[in-house]
Amino acid sequence: NRRRQQTRYVVHWRDIPWEVNAASQPVPLVAPELGFNIFTLQVSIRVVPAHYQDSTSHSHGESVRYCLNGPGLQTVEDTTLEMGTGDLVFVPSGARHSLANPGNEPLRLLVAEQMPGTYRQVPSPWRDPA
C-alpha cells in the first residue's frame, strides 16, 4: 500500500523494457508494486523469443493482448489464433491458453490483465433506475 501512495500516473516510452529475458515472462508497466494506485488490473510488456512455445497451457483472469509485431500464435481453449501487428486477442477469465512465436524475430505484446486474486470478481447486473 505504501507504493500505491506514490500516486504514479505515467510510464514514459524510454522506460518501457522492449528487450527482456529469454524466459518470456511479462514485465509489469502499470502495477501496484510500481506505485500505481490500481487494484484489479495490470499492464505489462512481453517479449517472446523467436521459436518460443509455451510448455504448458494455463489459466487466470481476463486478458487483452495487443500485438506490437508478429507473427504469433495464441491458443485459447481448443482454438489456435494467428495474430500479427495491430491485432488484439481477448482471453476470457479461466480459459486455458498458451502462446507461441513461430517467427525468427522476437514477438512483442502489450498485455492488460486482471491481477491474480481478482479474476473471480463478476460485474453486478445493470439495473435501469426507472
Side-chain angles (χ1 to χ4, degrees):
N1 280 333
R2 278 185 274 157
R3 289 186 178 154
R4 283 189 171 116
Q5 292 170 357
Q6 293 173 356
T7 318
R8 190 168 175 202
Y9 294 107
V10 65
V11 177
H12 294 285
W13 66 270
R14 65 185 165 276
D15 297 329
I16 295 175
W18 295 111
E19 299 296 331
V20 296
N21 63 35
S24 183
Q25 295 300 313
V27 175
L29 299 176
V30 177
E33 64 268 22
L34 300 175
F36 291 90
N37 191 17
I38 194 165
F39 292 89
T40 61
L41 174 72
Q42 68 184 14
V43 178
S44 57
I45 189 94
R46 184 168 180 186
V47 179
V48 182
H51 309 292
Y52 176 86
Q53 171 69 49
D54 272 347
S55 59
T56 173
S57 177
H58 57 279
S59 65
H60 50 69
E62 293 175 324
S63 174
V64 177
R65 293 136 187 257
Y66 178 73
C67 187
L68 297 166
N69 70 304
L73 298 173
Q74 177 72 64
T75 300
V76 180
E77 296 292 354
D78 296 325
T79 304
T80 298
L81 309 162
E82 292 183 19
M83 61 180 165
T85 304
D87 289 342
L88 281 166
V89 174
F90 171 66
V91 178
S93 180
R96 308 272 324 146
H97 60 279
S98 62
L99 181 65
N101 177 4
N104 294 322
E105 299 294 325
L107 168 67
R108 289 174 177 81
L109 303 171
L110 184 63
V111 180
E113 61 191 346
Q114 289 175 294
M115 292 192 307
T118 67
Y119 72 92
R120 294 181 190 243
Q121 296 178 6
V122 292
S124 60
W126 181 81
R127 292 190 181 137
D128 188 348

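The minimum heavy-atom distance linking P26 with P28 is given by the pair O-CD, 3.8 Å. The minimum heavy-atom distance linking I38 with P32 is given by the pair O-CG, 3.4 Å. Looking at every heavy atom in both residues, Y9 comes nearest to F36 through C-CE2, 3.7 Å. G70 and T85 make their closest contact through N-OG1, 3.4 Å (heavy atoms, listed as atom of the first residue, atom of the second, distance). Shown here for E77 and T75, the closest heavy-atom pair between the two residues is O-CG2, 3.5 Å.
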| query | For Y66 and L68, what are the C-alpha separation, side-chain angles and deciding distance, and is it a side-chain contact (heavy atoms from CB on, under 4.5 Å)? | reply | CA-CA 6 Å; Y66 178 73; L68 297 166; 3.5 Å; yes
| task | Decide side-chain contact (heavy atoms from CB on, under 4.5 Å) for L73 and E82; before the verdict, give the C-alpha distance in whole Å, the side-chain angles of both, and the deciding distance to 0.1 Å. | result | CA-CA 5 Å; L73 298 173; E82 292 183 19; 3.7 Å; yes
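For the 3.5 Å distance criterion, the side chains of R65 and S63 qualify, holding a donor opposite an acceptor.
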Quick one: side chains of residues 98-111, donor-acceptor pairs under 3.5 Å with protein atoms, not counting sequence neighbours, listed by atom name and distance.
{"unit_1": "N101", "atom_1": "OD1", "unit_2": "G103", "atom_2": "N", "d": "2.9"}
{"unit_1": "N101", "atom_1": "ND2", "unit_2": "V48", "atom_2": "O", "d": "3.0"}
{"unit_1": "N101", "atom_1": "ND2", "unit_2": "P49", "atom_2": "O", "d": "3.1"}
{"unit_1": "N101", "atom_1": "ND2", "unit_2": "E105", "atom_2": "O", "d": "2.9"}
{"unit_1": "N104", "atom_1": "OD1", "unit_2": "H51", "atom_2": "NE2", "d": "2.9"}
{"unit_1": "R108", "atom_1": "NE", "unit_2": "W18", "atom_2": "O", "d": "3.3"}
{"unit_1": "R108", "atom_1": "NH2", "unit_2": "E19", "atom_2": "OE2", "d": "2.2"}

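The OG1 atom of T40 lies 12.0 Å from the CD atom of E113; values are rounded to the nearest 0.5 Å. For the atom pair CD (Q74) and NE2 (H97), the distance works out to 6.0 Å, reported to the nearest 0.5 Å.
A side-chain contact (heavy atoms from CB on, under 4.5 Å) with V91 holds for exactly one of V76, V64, L81; it is V76.
Side-chain contact check for V11 versus L34: every heavy-atom pair is 4.5 Å or farther apart.
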